[in-house]
**Student:** 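Starting off with a structure, shown below.
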Amino acid sequence: MREFEADKDMFKSPSITYAEKSRNLNSNIAYKFQTDSNGYVVSGRRFIPVSKICVVGASLIENKFVRESCRWNTYLEGLFLYQNIPVKVYNAGYSGATSLNVLNTLTNKLLADSFDSIIYFISSNDYSAIAYSDSYWNLTKDHSNLFLTDYESAERNFKNLNKDHFESIVKSIHTTALNFNQEFYFATYPNLSCERVVSTINEMLRSVCMEHSIPLLDIDKEMKARNIDYESNFYDRRHMNEIGSKTLSKMLYDFYMSKWDLDTKDHKTVFKKKKVLNNKISLSSESGELNIKSVCSNDFLKTSNINLIFSIDNSNSEKDVSLLVKLYFEEIKSVENISGLSFREDIGWHFLISAPKGKFLENSYHFEVVFKGNMGLVVEKKDSSTKVSIDSIVLEIIESKNS
């Protein structure tokens with residue numbers, strides 16, 4: 001299957017060549033990806049959801065070169081949480097995927113994970129796949145359904161697309177989901193640049209869905225109806241920037257809020273977000289510590305799921321930098337009520353975050369604690385020979401009203 005390895009934190013940067021061909025894409029930024037125990041790209045926030053949404057697709061949905069806090073799945077999840085609705089959103093996008101890959105992923109993975117709803121954004125890679133004589137079963141490096149040691153070369157005939165195979169795969173995906181009583185929608189690819197390849201795939205999808213009464217979320221048509229601007233929302237013809245990610249998130253949020261009965265009064269989750277560091281702080285050999293005495297506070301012992309988002313500038317360093325974050329609580333219920341943090345007698349409660357060399361980045365860390373009073377933090381740089389700056393720290397807290 002085309003999927004990420006489970007339980008991984010990764011940083012990805014665009015190549016200089018790719019960045020130069022794109023709008024406002026910077027090769028000096030490292031974009032964080034984190035996956036859960038099943039290999040889904042997630043926000044990392046910890047909470048018990050009332051509903052789970054999964055969106056699958058190729059690089060459009062993977063949304064690789066966007067900061068984690070602005071990636072569509074993180075932002076969509078936040079829109080629900082701001083209404084105190086704990087909906088967990090899972091990103092199953094993987095660059096290069098075709099509809100045959102998605103059928104495989106649906107059958108062997110998604111159906112087993114009990115999602116309340118799944119959306120598949122049709123892959124533009126299908127256009128190339130069905131242009132080979134072997135169609136989806138080609139063995140080329142870019143469009144094969146398999147990961148191989150040795151790939152084959154093959155010519156494509158774009159004048160003779162195997163539309164029958166496309167229709168059969170779409171119907172197979174729909175039937176598979178239907179047979180397992182899985183709420184499932186196809187979605188068109190947002191084609192604001194009016195690219196011929198994507199237009200063709202979208203029209204083929206609309207035709208199949210109409211003929212066979214398959215549920216379709218026509219995001220492409222909806223974006224154009226809303227006069228969404230291409231240059232503001234995409235960094236190239238097929239990939240969304242941060243603005244585009246938020247635009248898509250809002251549309252998906254509107255879709256589910258209109259479709260599902262999600263009364264905010266029925267839920268007991270409280271979501272709070274604030275900046276706890278606004279001014280850039282440099283950590284050097286002379287001043288290697290940042291101290292914030294009160295990041296947040298509780299009037300009584302309360303369970304808090306905490307997410308700290310660090311914006312870091314390590315662009316001038318030739319070394320990867322590791323930052324030690326020490327946390328202080330006035331009162332905790334017990335050691336058993338802290339998860340996600342490490343403890344040492346000489347350090348106390350702490351965690352480590354990394355900053356790749358020569359990069360700007362955003363890195364986040366999540367933990368759960370039952371505490372009362374103030375929570376403070378100290379950030380220390382482990383290598384005294386390097387210099388790194390923290391531009392900002394954002395705090396997110398998810399709590400239960402009855403905790």
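Note that these values count all heavy atoms, side chains included, but never hydrogens, waters or copies made by symmetry. Computed from a prediction, not measured in an experiment: that's the story for all the values here.
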**Student:** Hey, can you tell me if Tyr94 and Phe147 have their rings parallel, tilted or perpendicular (30° and 60° cut-offs)?
**Tutor:**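 Rings of Tyr94 and Phe147: perpendicular, over 60°.
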
**Student:** For the residue pair Leu192 and Met223, establish whether any side-chain heavy-atom pair is separated by less than 4.5 Å.
**Tutor:**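 In short, these two side chains touch, coming nearer than 4.5 Å.
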
**Student:** What distance separates Asn101 CG from Thr98 OG1, expressed to the nearest 0.5 Å?
**Tutor:**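 One finds 3.5 Å between CG of Asn101 and OG1 of Thr98.
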
**Student:** State whether a side-chain donor-acceptor pair under 3.5 Å links Tyr132 with His143.
**Tutor:**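 There is such a pair between these side chains.
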
**Student:** Give the minimum heavy-atom separation between Ile29 and Pro14, together with the two atoms involved.
**Tutor:**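 Heavy atoms of Ile29 and Pro14 come nearest at O-CD, 4.0 Å.
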
**Student:** Is any side-chain heavy atom of Thr105 closer than 4.5 Å to a side-chain heavy atom of Glu3?
**Tutor:** no

**Student:** CZ of Phe371 to OG1 of Thr303: how many Å apart, nearest 0.5 Å?
**Tutor:**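 One gets 10.5 Å once the value is rounded to the nearest 0.5 Å.
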
**Student:** For Leu110 versus Ala92, what's the shortest heavy-atom pair and its separation?
**Tutor:**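 For Leu110 versus Ala92, the nearest heavy atoms are CD2-CB, 4.4 Å.
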
**Student:** Rounded to the nearest 0.5 Å, how far apart are OG of Ser207 and NE2 of His212?
**Tutor:** 8.0 Å

**Student:** Check each of Arg45, Gln34, Glu396, Arg46 against His366 using the side chain to side chain donor-acceptor pair (under 3.5 Å) test, and report the only one that passes.
**Tutor:**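 When Arg45, Gln34, Glu396, Arg46 are each tested with His366, the side chain to side chain donor-acceptor pair (under 3.5 Å) holds only for Gln34.
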
**Student:** Do we get Arg23 above Tyr230's six-membered ring, with its NZ or CZ under 6.0 Å from the centre and within 45° of the axis?
**Tutor:** yes

**Student:** Is the count of non-hydrogen atoms from other residues, nucleotides or ligands lying under 6.0 Å from Lys109 atom NZ greater than 12?
**Tutor:** yes

**Student:** Donor-acceptor pair, Asp126 side chain versus Ser99 backbone, under 3.5 Å?
**Tutor:**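 Yes, the answer is positive, given that a donor and an acceptor are paired below the 3.5 Å cut-off.
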
**Student:** Between Ser339 and Glu368, does the side chain to side chain donor-acceptor pair (under 3.5 Å) criterion hold? Intermediate values first, please.
**Tutor:** CA-CA 5 Å; Ser339 64; Glu368 180 180 296; 4.6 Å; no

**Student:** Distance only, no hydrogens: is a donor on one side chain within 3.5 Å (strictly under) of an acceptor on the other, for Ser282 and Ser389?
**Tutor:** yes

**Student:** Around atom CG of Asn179, are there more than 12 heavy atoms from other residues, nucleotides or ligands closer than 6.0 Å?
**Tutor:** yes

**Student:** Charged N to carboxylate O below 4.0 Å: is that the case for Lys259 and Glu183?
**Tutor:** yes

**Student:** With sequence neighbours left out, write down each residue that passes side-chain hydrogen bond (donor to acceptor under 3.5 Å, both in side chains) with Asp254, or none if nothing qualifies.
**Tutor:** none

**Student:** How many angstroms lie between atom CG of Asn233 and atom OG of Ser245, to the nearest 0.5 angstrom?
**Tutor:**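 Taking CG in Asn233 and OG in Ser245, the distance rounds to 9.0 Å.
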
**Student:** For the residue pair Tyr127 and Phe158, does the interplanar ring angle fall in the parallel (under 30°), tilted (30 to 60°) or perpendicular (over 60°) class?
**Tutor:** parallel

**Student:** May I ask you to test the Ile353-Ile312 pair for a side-chain heavy-atom distance under 4.5 Å?
**Tutor:** yes

**Student:** Taking Asn241 for its side chain and Ile243 for its backbone only, find out whether a donor-acceptor pair lies under 3.5 Å.
**Tutor:** yes

**Student:** Please report the C-alpha distance between Ser311 and Asp391 in whole Å, then the side-chain angles of each, then the deciding distance to 0.1 Å, and finally whether the side chain to side chain donor-acceptor pair (under 3.5 Å) criterion is met.
**Tutor:** CA-CA 5 Å; Ser311 293; Asp391 294 345; over 6 Å; no

**Student:** Working to the nearest 0.5 angstrom, can you tell me the gap between Phe329 CZ and Ser304 OG?
**Tutor:**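 It is 9.0 Å, given to the nearest 0.5 Å.
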
**Student:** When the side chains of residues 48-61 are checked against the rest of the protein, which donor-acceptor pairs come out under 3.5 Å, sequence neighbours left out?
**Tutor:**
residue, atom, partner, partner atom, Å
Lys52, NZ, Asp113, O, 2.9
Ser59, OG, His239, NE2, 2.8

**Student:** Under 4.0 Å between a side-chain nitrogen and a carboxylate oxygen: does that hold for Glu203 and Arg206?
**Tutor:**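 Salt bridge present between Glu203 and Arg206.
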
**Student:** Please check if the side chain of Asp220 supplies one atom and the backbone of Thr188 the other of a donor-acceptor pair under 3.5 Å.
**Tutor:** no

**Student:** Let me confirm one number: the OG-CG distance from Ser322 to Leu352, rounded to the nearest 0.5 Å.
**Tutor:** 4.5 Å

**Student:** Just by distance, do the side chain of Asn363 and the backbone of Ser354 share a donor-acceptor pair under 3.5 Å?
**Tutor:**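 Indeed, once roles are kept as given, a pair shorter than 3.5 Å links the two residues.
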
**Student:** Is the shortest side-chain heavy-atom distance between Thr140 and Tyr151 below 4.5 Å?
**Tutor:**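 No, their side chains stay 4.5 Å or more apart.
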
**Student:** Looking only at heavy atoms, which two atoms of Ser43 and Lys88 are closest? And how far apart?
**Tutor:**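 Where Ser43 meets Lys88 most closely, the heavy atoms are OG-NZ, 3.7 Å.
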
**Student:** For the pair Phe351 and Phe367, name the ring-plane relationship: parallel under 30°, tilted 30 to 60°, perpendicular over 60°.
**Tutor:**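 Tilted, since the angle between the ring planes falls between 30° and 60°.
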
**Student:** Determine whether Phe184 and Leu106 make a side-chain contact, defined as any pair of heavy atoms from C-beta on separated by less than 4.5 Å.
**Tutor:**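 The answer is yes, as the side chains (C-beta and beyond) meet within the 4.5 Å cut-off.
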
**Student:** What class does the angle between the rings of Tyr31 and Phe65 fall in, given that below 30° is parallel, 30 to 60° is tilted and above 60° is perpendicular?
**Tutor:**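 Tyr31 and Phe65: tilted rings.
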
**Student:** For Glu152, what residues pass the side-chain hydrogen bond (donor to acceptor under 3.5 Å, both in side chains) criterion, not counting sequence neighbours?
**Tutor:** none

**Student:** Restricting to non-hydrogen atoms, name the atom on Val66 and the atom on Glu242 that form the minimum distance, rounded to 0.1 Å.
**Tutor:** CG1-CG, 3.6 Å

**Student:** In this structure, are over 12 heavy atoms from other groups packed under 6.0 Å from Lys357 atom NZ?
**Tutor:** no

**Student:** Do other residues, nucleotides or ligands put more than 12 heavy atoms under 6.0 Å from the CG atom of Asn278?
**Tutor:** yes

**Student:** Are the aromatic rings of Phe47 and Phe271 close, with centres under 6.0 Å apart?
**Tutor:**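 Distance test on ring centres: not under 6.0 Å, no.
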
**Student:** Step through the shown structure and confirm whether more than 12 heavy atoms of other residues, nucleotides or ligands are within 6.0 Å of OH on Tyr18.
**Tutor:** yes

**Student:** Side chains of Ser199 and Asn202: donor-acceptor distance under 3.5 Å anywhere?
**Tutor:** no

**Student:** May I ask you to decide if Lys141's main-chain N or O and Ser144's side chain share a donor-acceptor pair within less than 3.5 Å?
**Tutor:** no

**Student:** With a sphere of 6.0 Å drawn around CG of Leu148, does it hold more than 12 non-hydrogen atoms of other residues, nucleotides or ligands?
**Tutor:** yes

**Student:** Are the side chains of Leu290 and Ile393 in touch, meaning some heavy atoms are under 4.5 Å apart?
**Tutor:** yes

**Student:** Nearest heavy-atom pair of Trp72 and Asn63: which atoms, and what distance?
**Tutor:** N-OD1, 3.1 Å

**Student:** Is there side-chain contact between Leu323 and Phe310, with heavy atoms separated by less than 4.5 Å?
**Tutor:**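 They are not in contact (no side-chain heavy atoms under 4.5 Å apart), so the answer is no.
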
**Student:** Just by modelled atom types, is the Lys32 backbone N or O under 3.5 Å from a matching donor or acceptor in the Glu362 side chain?
**Tutor:**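 No, the answer is negative, given that no donor and acceptor are paired below the 3.5 Å cut-off.
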
**Student:** Quick one: closest heavy-atom pair of Asn191 and Lys224, and the distance?
**Tutor:**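 Where Asn191 meets Lys224 most closely, the heavy atoms are O-CE, 3.3 Å.
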
**Student:** Is there side-chain contact between Leu79 and Ser249, with heavy atoms separated by less than 4.5 Å?
**Tutor:** yes

